[in-house]
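Following: one structure in structure tokens, then a few remarks.
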Amino acid sequence: VMFASFPKDLGMAGVAQSQLALTRKDGVYRLFTDTTKIQDFTLTSPENKTFKQKEVTAALDIYVDPTAKSLNVERVQADSPQFKILKVALRKTDQGNTTKLEGQIDAQLDWAAVAQAASVFMPETLDIAGQRQVSLNFASTYPTDDPNGLLKNLDSTASLGFDRAAYKGLNFGSTQVDVQVTKGSMQIKPFTTTVNEGKVNFAAQADLRQTPILLKTSGPLQVAQGVRITPEMTESFLKYVNPIFADAVGVSGIVNFDTQSLTIPLTGNDKKSMQLDGTIGVQQLRLQASLLNKILSVIKESVRDQVLTIQPTKLAMQDGVLRYDDMQINVGDNPINFSGAIGLNEKLDMAVLLPYTFEGRTVRVGDEGQRSKRVSVPLTGTLSAPQLNIQRLLETQILQGLGDLFKKL
């Protein structure tokens, strides 16, 4: 027996051998099997990503009472070389206009297999490893005609863990996450793990009764401490912190990131729902990039063999735009200051304060008295095509500065 495509854009294939028993007693139907085997099970996405298992065995015992409008799953078990569903118990009952659902799932997983299966649905590759016992309990009593009622009234506990994971340049060490849901209010309990030789702390909550569902930190949090930059991180999110990362190669450094508040959408595709109020800093930064070299060309410098520091900078994201008033990057002894906005659509509306005065003097770190005399140039365009005409603006401002000097004579 070959599986048909289900759902419409997801391919499932394999050869199943099964002996199903369907009985009826006192108006209650029972579906039972303990001899189902699926050979060469294959799951294929529209992008032709595949997940394969040589053999899957399954057993189930389900009772359905049409009169009482109840579903009772006494047993669901599945076994393959890389995962085992040890127990699934589910009871669903309709009582007038109310539905009651409660259940328990216990499984033993090889996360490498889970990652392979998940990659069928995900745009990016997820690498995760470790064998864990996973337990999930849930219950909900909700209005039958409310499509979101289950989540709104959900009570649940879950515990998940893995040995290591890698996603978009973030390499996680051994991690354990505990989640609790009470009457639709979800809490991710505080946990700490290692990421890229540094440390990440996280805790958050979400109201499952709201649409869209937003995950929010409950207070100030030291999210990242001493996390080393990987090349993938620059493309994933650092380019939205500062445009110098957009064309950067050979990037390394150490990131520290604190938040006063953070909101991440869990449902919907509206990036504008993400909000952030925090502080970021980068130490021991090294990179090669044409944009920063173009900025430094006015003082005949480049980033080659330079160690950069991004001073701790307060930033905020709202309506799909990241903003900050002053991000100072020290390139050796020369300060370069960025301000303005970077959109998640990659649009730039920024200003760059050069380490150079209109009088022709090079400014060093600590020359605060020279800040008002430094040359400022607009940075517009997009991350992939930034517009920065330094030479023309330098000529204009130097001529203006000379004019001001002549007026004083």
Side-chain angles (χ1 to χ4, degrees), residues 124 126 128 136 151-152 154-162 165-230 233 236-242 254-283 310-325 327 341-344:
E124 302 287 343
L126 172 65
I128 185 170
L136 171 65
L151 288 178
K152 292 178 180 178
L154 182 65
D155 293 310
S156 179
T157 59
S159 182
L160 301 173
F162 52 81
Y167 187 67
K168 291 189 174 182
L170 298 172
N171 301 298
F172 294 82
S174 180
T175 303
Q176 186 71 32
V177 182
D178 295 316
V179 181
Q180 181 172 347
V181 182
T182 304
K183 299 302 179 186
S185 177
M186 181 179 76
Q187 287 190 333
I188 298 177
K189 296 185 178 181
F191 69 91
T192 299
T193 187
T194 58
V195 176
N196 297 359
E197 301 180 33
K199 185 168 68 172
V200 164
N201 306 290
F202 195 71
Q205 57 192 23
D207 190 345
L208 305 184
R209 297 163 294 188
Q210 300 295 320
T211 303
I213 298 175
L214 303 176
L215 185 67
K216 301 180 179 181
T217 54
S218 55
L221 192 63
Q222 285 186 309
V223 177
Q225 297 170 280
V227 174
R228 290 195 174 275
I229 296 173
T230 59
M233 288 171 60
S236 299
F237 56 87
L238 283 178
K239 70 178 184 180
Y240 297 103
V241 174
N242 193 289
I254 299 175
V255 175
N256 294 296
F257 176 50
D258 301 341
T259 63
Q260 293 298 313
S261 63
L262 175 65
T263 299
I264 303 172
L266 295 182
T267 59
N269 296 317
D270 186 8
K271 294 181 179 179
K272 292 184 178 180
S273 298
M274 184 172 180
Q275 296 184 21
L276 166 67
D277 179 10
T279 302
I280 192 169
V282 182
Q283 301 172 338
I310 298 181
Q311 299 285 4
T313 304
K314 291 184 177 181
L315 40 77
M317 173 172 283
Q318 195 167 15
D319 297 326
V321 179
L322 183 74
R323 302 178 186 276
Y324 44 81
D325 294 330
M327 177 176 285
I342 306 173
L344 292 179

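Note that this is a predicted model, so its numbers are computed, not measured.
- Across Val179, Leu151, Leu154, a single residue satisfies side chain to side chain contact (heavy atoms under 4.5 Å, CB included) together with Met186, and that is Val179.
- How far CG of Leu266 is from OG of Ser273: 10.5 Å, rounded to the nearest 0.5 Å.
- Asn242 places a side-chain heavy atom less than 4.5 Å from the side chain of Met327.
- Taking both residues in full, the closest heavy atoms of Ser156 and Leu136 are given as OG-CD1, 3.4 Å, listed atom of the first, atom of the second, then distance.
- Here the closest heavy-atom approach between residue Val321 and residue Ala341 is recorded as CG1-CB, 3.5 Å.
- The line from CG of Asp277 to OG1 of Thr259 is 8.5 Å long, rounded to the nearest 0.5 Å.
- Two residues are said to be in side-chain contact when any heavy atoms from C-beta on lie closer than 4.5 Å; Asn201 and Val223 fail this criterion.
- Annotation: side chain of Glu197 is not in contact with side chain of Asn171 (no heavy-atom distance under 4.5 Å).
- The distance from the OG1 atom of Thr194 to the CZ atom of Phe172 is 9.5 Å, given to the nearest 0.5 Å.
- Distance check, rounded to the nearest 0.5 Å: CD of Gln275 to OG1 of Thr217 gives 11.0 Å.
- When all heavy atoms of Lys168 and Ser236 are compared, the pair lying nearest together is CB-OG, 3.4 Å.
- In this structure, Ser261 and Leu276 have side chains that are not in contact, with every pair of non-hydrogen atoms separated by 4.5 Å or more.
- Proximity of Asp207 to Arg209: side-chain heavy atoms (C-beta onward) are separated by under 4.5 Å at one or more points.
- Thr193 places no side-chain N or O within donor-acceptor distance of the main-chain N or O of Val200, the cut-off being under 3.5 Å.
- Within the 4.5 Å cutoff, no side-chain heavy atoms of Pro312 are placed close to those of Ile280.
- Residues Thr279 and Asp258 bring no donor and acceptor atom of their side chains to less than 3.5 Å of each other.
- Ion pairing between Lys314 and Asp325 fails under the 4.0 Å rule for side-chain N and carboxylate O.
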Lys183 and Asp155: CA distance, side-chain angles, deciding distance, side chain to side chain contact (heavy atoms under 4.5 Å, CB included) verdict: CA-CA 5 Å; Lys183 299 302 179 186; Asp155 293 310; 3.5 Å; yes
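- A side-chain donor-acceptor contact under 3.5 Å links Tyr324 to the backbone of Val241.
- Each of Asn256, Val255, Thr313 was checked for a side chain to side chain contact (heavy atoms under 4.5 Å, CB included) with Val282, and the lone residue meeting it is Val255.
- Note that NZ of Lys199 and CD of Gln222 are 7.5 Å apart. Values are rounded to the nearest 0.5 Å.
- For Asp178 and Ser159, the side-chain atoms include at least one donor-acceptor pair closer than 3.5 Å.
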Can Arg323 and Met317 be said to form a side chain to side chain contact (heavy atoms under 4.5 Å, CB included), step by step? CA-CA 6 Å; Arg323 302 178 186 276; Met317 173 172 283; over 6 Å; no
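- In this structure the side chain of Thr175 reaches within 4.5 angstrom of the side chain of Phe191, judged on heavy atoms.
- The CD atom of Gln205 sits 8.5 Å away from the CG atom of Leu215 when rounded to the nearest 0.5 Å.
- Here the side chains of Lys189 and Gln180 are in contact, with some heavy-atom distance below 4.5 Å.
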